[in-house]
Amino acid sequence: MLKIGLTGGIGCGKTTVCRLFAELGVPVVDADLIARSLVEPGQPALQAIVQAFGAEILQADGSLDRAKLREAIFSDPEQRRRLDGIMHPLVYARIAADVAALQAAYCLIAVPLLLESKNPYAVDRILVVDCPQ
């Protein structure tokens with residue numbers, strides 16, 4: 001299967017491109033959606049994040065307080081590396097599993113930081129979505 005990595009900057013249209021490919025019947029594996037599912041209550045990633053950042057990172061209902069986590073990781077590069085160390089292996093493992101389960105000639109794998117993250121996941125081609133500011 002041909003694996004096409006889709007990447008690009010914030011707000012440049014990656015989600016729109018994914019939707020357009022999906023409307024054509026192309027399987028899309030989205031790292032952002034995977035990451036969100038991995039931090040749902042009861043998921044091991046959420047437990048690891050709480051262990052690393054403390055229970056104050058949770059909302060009253062037990063879900064992740066994304067604003068507090070964002071504040072913690074964007075103000076401290078070491079904390080960001082810590083979070084990446086928790087999430088990246090889980091996200092890339094799920095991407096690999098999702099792609100392996102597909103029966104298609106090719107698929108789109110949307111990873112916003114495909115080039116920056118030095119990820120271990122290999123793609124055959126890269127599609128960059130870009131737009132002027």
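Everything numeric in this text was worked out from a predicted model, so none of it was measured.
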When every non-hydrogen atom of Ile126 is compared with those of Val123, the smallest separation belongs to CG1-CG2, 3.9 Å
Which residues share a salt bridge (Lys or Arg N to Asp or Glu O under 4.0 Å) with Arg81, sequence neighbours left out = Glu78
Kindly write out the residues that satisfy salt bridge (Lys or Arg N to Asp or Glu O under 4.0 Å) with Glu56, not counting sequence neighbours, or none if the list is empty.
-> none
For Pro27, the option from Ile109, Leu108, Leu102 that meets side-chain contact (heavy atoms from CB on, under 4.5 Å) | Leu102
Are Val111 and Val28 connected, step by step, through hydrophobic side chains (Ile, Leu, Val, Met, Phe, Trp, Tyr) whose heavy atoms are closer than 4.5 Å?
-> no
Can you check side chain to side chain contact (heavy atoms under 4.5 Å, CB included) on Arg66 and Val39, steps first, answer last?
-> CA-CA 10 Å; Arg66 294 179 186 283; Val39 297; 3.5 Å; yes
What's the spacing between Met87 CE and Arg94 CZ if we round to 0.5 Å?
-> 9.5 Å
Can you name the closest pair of heavy atoms from Ile95 and Ala31 and give their distance?
-> CD1-CB, 4.1 Å
Could you list the residues that satisfy salt bridge (Lys or Arg N to Asp or Glu O under 4.0 Å) with Arg80, not counting sequence neighbours?
-> none
Rounding to 0.5 Å, atoms CG (Leu38) and CG (Leu64) come to a distance of 11.5 Å
Correct closest heavy-atom pair for Cys18 and Leu6 would be SG-CD2, 4.0 Å
Once you round to the nearest 0.5 Å, how far does CG of Asp65 lie from CD of Gln59?
-> 4.5 Å
Can you sort out the partners of Arg70 under side chain to side chain donor-acceptor pair (under 3.5 Å), two or more places apart, ordered by chain and number?
-> none
With sequence neighbours excluded, residues passing side chain to side chain donor-acceptor pair (under 3.5 Å) with Asp61 | Ser63
Cluster link Leu90 to Leu33, ILVMFWY, side chain under 4.5 Å = no
Atom pair CZ (Phe74) and CG (Leu69), whose distance is rounded to the nearest 0.5 Å | 8.5 Å
Closest non-hydrogen contact found for Met1 with Val99 is CE-O, 3.9 Å
Pairs involving residues 9-28, ordered by first then second residue, that meet salt bridge (charged side-chain N to carboxylate O under 4.0 Å, His left out) (sequence neighbours left out) | Arg19-Glu23
Rounding to 0.5 Å, atoms CZ (Arg82) and CZ (Phe53) come to a distance of 6.0 Å
Exercise: identify the closest heavy-atom pair between Leu46 and Leu58 = CD1-CD2, 3.8 Å
Are Val26 and Val129 linked, directly or through other ILVMFWY residues, by side chains that come within less than 4.5 angstrom of each other?
-> yes
Tell me whether Leu2 is reachable from Leu20 by hopping between hydrophobic residues (I, L, V, M, F, W, Y) whose side-chain heavy atoms are closer than 4.5 Å.
-> no
For Glu71, does the CD atom sit with more than 12 other heavy atoms under 6.0 Å from it, leaving out its own atoms?
-> no
Same cluster (ILVMFWY, side-chain, under 4.5 Å), Ile34 and Ile4 | no
If you take all heavy atoms of Pro112 and Thr7, which pair is closest and at what distance?
-> O-OG1, 2.7 Å
